[in-house]
Amino acid sequence: MAQAVEEWYKQMPIITRSYLTAAIVTTIGCSLEIISPYNLYLNPRLVFKQYQLWRLVTNFLYFRKMDLDFLFHMFFLARYCKLLEENSFRGRTADFFYMLLFGASVLTGIVLIGGMVPYVSESFAKIIFLSNSLTFMMVYVWSKQNPFIHMSFLGLFTFTAAYLPWVLLGFSVLVGASAWVDLLGMIAGHAYYFLEDVYPRMTGRRPLRTPSFIKVLFADEAVVVTRPAAVRFAAPPAEEAHQD
């Protein structure tokens, strides 16, 4: 069993494995009181006035206490992050990293701006960890890129992947979780989907080009398909056959 888990872990692509490891280590560290969540959460005042810039990253690594909800999000992180990196972004690790960076930036910007808007600032002030929203963003992007895959929710009903984010949003509301967390992930995911897939088809321009300095960090190996040499698809001409 342990060997199977080890093999499964080693076969994960680099970004998925790194993010999953960081999330589990951070959450376990907080549960064991080795790390304090108060040093991780997103606090604009501490970020911009005391220059605690690490909070812009660490708030995406903590998934609250280790319970069923934690396992639920770890499953979705391992599954959909892996599916995106291995399929849609195969051989494009830098582009996948840039997608996560874009999503994290959009989520952070929404929370920071929303915290300054009257009537909704109180709701945004309660969002101090965006890890669940970033995970939901990956689910949304995957569902947009694979809309016709048939899925089942707890064996109760079937639907296509295009409706997966809405099904999960409805489930979150039913169990009493905040809908804002999932909605933010959907907004960030749709922003990426529109700018990466829809807008280029409409205008021929692609605004989300991965910067060169990010591409330098990830040296993707080109996928090479070897074509067999001297393969015949028909019988050789009579003259050639006679010469042989």
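Atoms considered below: every heavy atom in the structure, side chains included; atoms not considered: hydrogens, waters and symmetry mates.
- Within the model, atoms CE of M99 and CG of L195 stand 13.0 Å from one another, a figure rounded to the nearest 0.5 Å.
- Within 6.0 Å of the CD atom in E33, the count of heavy atoms belonging to other residues, nucleotides or ligands does not exceed 12.
- In this structure, OH in Y199 is found 4.0 Å from CZ in R205, a value given to the nearest 0.5 Å.
- No side-chain donor-acceptor contact under 3.5 Å links E85 to the backbone of R90.
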Going through the distances and angles, do L130 and L42 end up as a side-chain contact (heavy atoms from CB on, under 4.5 Å)?
CA-CA 8 Å; L130 291 167; L42 181 62; 4.1 Å; yes
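- Among residues two or more places apart in sequence or in another chain, the salt bridge (Lys or Arg N to Asp or Glu O under 4.0 Å) test is passed with R209 by none.
- The distance from the CG atom of L134 to the SG atom of C81 is 8.5 Å, given to the nearest 0.5 Å.
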side-chain contact (heavy atoms from CB on, under 4.5 Å) between L101 and I214, intermediate numbers included:
CA-CA 10 Å; L101 183 61; I214 293 181; 4.0 Å; yes
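- In this structure, N132 CG and M137 CE are separated by 15.0 Å, a value rounded to the nearest 0.5 Å.
- To the nearest 0.5 Å, atom CG of residue L20 and atom CZ of residue R79 are 14.5 Å apart.
- Sequence neighbours left out, the pairs with a member in residues 159-183 that pass ring-ring contact (aromatic ring centres under 6.0 Å, His included) are F124-W180, F153-F171, F157-F159.
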How far apart are the C-alpha atoms of Y140 and Y193, what are their side-chain angles, what is the distance that settles it, and do they pass the ring pair (Phe, Tyr, Trp, His ring centres under 6.0 Å) test?
CA-CA 9 Å; Y140 186 90; Y193 168 72; 7.2 Å; no
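- Note on E86 versus K82: salt bridge recorded, some NZ/NE/NH1/NH2 to OD/OE distance being below 4.0 Å.
- For residues 71-92, the set of pairs meeting the ring-ring contact (aromatic ring centres under 6.0 Å, His included) definition, not counting sequence neighbours, comprises F72-F76, F76-Y80, Y80-W142, F89-F96.
- Between the side chain of N146 and the main chain of I149, no donor-acceptor pair closer than 3.5 Å is present.
- Interatomic distance, CG of L40 versus SG of C30, reported as 5.0 Å (0.5 Å rounding).
- In the hydrophobic clustering of ILVMFWY residues, with side-chain heavy atoms under 4.5 Å counting as a link, Y9 and L84 come out together.
- The list of salt bridge (Lys or Arg N to Asp or Glu O under 4.0 Å) pairs with a residue in residues 182-203, not counting sequence neighbours, reads E196-R206.
- Applying the ring-ring contact (aromatic ring centres under 6.0 Å, His included) rule to pairs touching residues 25-68 yields Y62-F129, sequence neighbours excluded.
- Here the rule is side chain to side chain contact (heavy atoms under 4.5 Å, CB included) with R55, and of I128, V47, T108 only V47 fits it.
- With sequence neighbours left out, K144 forms a salt bridge (Lys or Arg N to Asp or Glu O under 4.0 Å) with no residue at all.
- A heavy-atom distance below 4.5 Å is not found between the side chains of M151 and T158.
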